[in-house]
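Working notes for the structure below.
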Amino acid sequence: MQSKRSFFNKALFRKNLTRYWPLWGGMSIAGSFIPLYMLLELSTRTSLGLAPGPNDFAELLYGAVTIFAPTFLMVYALLCAMLVWNYLYSPRAVGLMHTLPVDRTCLFVTNALSGLVMLGIPFLVVGGLLCLLALAFGFFNLLAAVNTVAAVILLAVLFFGLATLCAMLTGHTAMLPALYLLLNFLAALLETMVGFLNQTFLMGIPLQSMQLQFLTPLLQIYENFTMGYLDMEPASAASQESAVYLQGLGTVALYGLAGIGLLALS
């Protein structure tokens, strides 16, 4: 009889989530103050007769995902990776984990999914509360919600994939954040240093713009992933919904695919 090969272990997945609940639980509780503040603000505006529209909800989501999400996910993904891959840096823990009736492929996939789920829980809590508020006050924008969810997932895969690769290349807990930060900003630092030296010691050579900025995901994302406004007079509710748009989602999608490649390489 041919045996089945499992790629996911429910017990290990539940153990990771319950063991590290202070991290994702604390982030969720802290983030829940944002919808609470929004509720108070909406109550005040409604009492004054200033009803928000779908365009306001899109502006709120797009502003958060383009300004706040990249930096937060870069740091938060590192913390999640340090937790789920921490056992690799202790010979006793490695021996214990590899004596379990779980093969190493299943172990890797389960831990990777655990880290990604811990990344997504705070966004799920905060985003869900914001959507409920928008539905309750009648200014929900489905397109903005879908675009925001897609952007968060792609950014989470990118940074967690890079952090996971760094975890597999290092042999100590302290080296993981050091290598992670180095890989995130090494290209930008080297190119800036070379350009500065050329401008200082070579006559007539100006400081050129960075050509390898795509190797620094955070800078490239902040440059291309922005919120835009249509230059138009909204004459109807439909046009008002499309007055705000998300620019650079394709760039984030390419980095998300790169994150999947980094996980496969790991």
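Any value given below was found using the heavy atoms of this structure, including those in side chains, with hydrogens, waters and symmetry copies removed.
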In the structure I gave you, are the side-chain heavy atoms of L142 and V146 within less than 4.5 Å of one another anywhere?
yes
Quick one: are E191 and T216 in side-chain contact, heavy atoms under 4.5 Å?
no
Using 0.5 Å steps for rounding, measure from the CG atom of L263 to the CG atom of L162.
10.0 Å
How far apart are the closest heavy atoms of L155 and A69, and which atoms are they?
CD1-CB, 4.4 Å
Do the two ring centres, one from F123 and one from W24, sit under 6.0 Å apart?
no
Nearest 0.5 Å please: distance from the CG atom of L249 over to the CG atom of L254.
10.0 Å
Is the shortest side-chain heavy-atom distance between V244 and N141 below 4.5 Å?
no
Is it the case that the side chains of N147 and Y245 hold a donor-acceptor pair, with the cut-off being a distance below 3.5 Å and no angle test?
no
Under the side chain to side chain donor-acceptor pair (under 3.5 Å) test, which residues partner Y89, sequence neighbours left out?
T170
Intermediate values then yes/no, side chain to side chain contact (heavy atoms under 4.5 Å, CB included), T105 and F7:
CA-CA 6 Å; T105 302; F7 292 91; 3.6 Å; yes
Compile the donor-acceptor pairs under 3.5 Å between side chains in residues 129-139 and protein atoms, sequence neighbours left out, one pair per line.
none

Would you say V109 and L265 are hydrophobically clustered, going by side-chain heavy atoms of ILVMFWY under 4.5 Å?
yes
same_hphob_cluster(L36, L124) at 4.5 Å side-chain heavy-atom cutoff
no
When you compare the side chain of F108 with that of W85, does any pair of heavy atoms fall below 4.5 Å?
yes
One should read off an interatomic distance between L23 CG and L17 CG, to the nearest 0.5 angstrom, of 11.0 Å
Between S28 and V125, is there a donor-acceptor pair closer than 3.5 Å when you use the side chain of the first and the backbone of the second?
no
On a heavy-atom basis, the closest approach of F159 and I221 is CZ-CD1, 4.5 Å
Please give me the minimum heavy-atom distance between Q220 and Q213, naming the atom from each residue.
OE1-NE2, 3.2 Å
Taking L78's backbone N and O only, do any of them form a donor-acceptor pair with Y180's side chain (distance below 3.5 Å, no angle check)?
no
Check F225 against A151 and note the closest heavy-atom contact, atom names and distance.
CZ-CB, 3.7 Å
Inter-residue atom distance L39.CG - I34.CD1, 0.5 Å rounding:
14.0 Å
Output the distance between atom CG (L183) and atom CG (L169), rounded to the nearest 0.5 Å.
8.0 Å
Hey, are S114 and N16 close enough side-chain-wise for a donor-acceptor pair under 3.5 Å?
yes
Is it possible for you to say whether I121 and L12 belong to one hydrophobic cluster, with membership spreading through side-chain heavy-atom contacts below 4.5 Å?
yes
Within the structure provided, determine whether L73 and F160 are in side-chain contact (heavy-atom separation under 4.5 Å).
no
Kindly indicate whether the side chain of T164, heavy atoms from C-beta on, has any atom under 4.5 Å from the side chain of M168.
yes
Transitively linked via ILVMFWY side-chain contacts under 4.5 Å: L179 with L181?
yes
Sidechain-backbone polar pair: T71 side chain, F68 backbone, donor-acceptor under 3.5 Å
no
Among the clusters formed by ILVMFWY side chains lying less than 4.5 Å apart, do Y222 and L215 turn up in the same one?
yes
Nearest heavy-atom contact between N9 and T110 is N-OG1, 3.1 Å
Report yes if the side chains of L119 and Y76 come closer than 4.5 Å at any heavy-atom pair, otherwise no.
yes
For the CE atom of M227 and the CD1 atom of I67, what is their distance to the nearest 0.5 Å?
6.0 Å
Which pair of heavy atoms, one from L218 and one from F185, lies closest together, and at what distance?
CD2-CZ, 3.9 Å
Could you tell me whether a side-chain N or O of Y62 sits under 3.5 Å from a main-chain N or O of G228, the two making a donor and an acceptor?
no
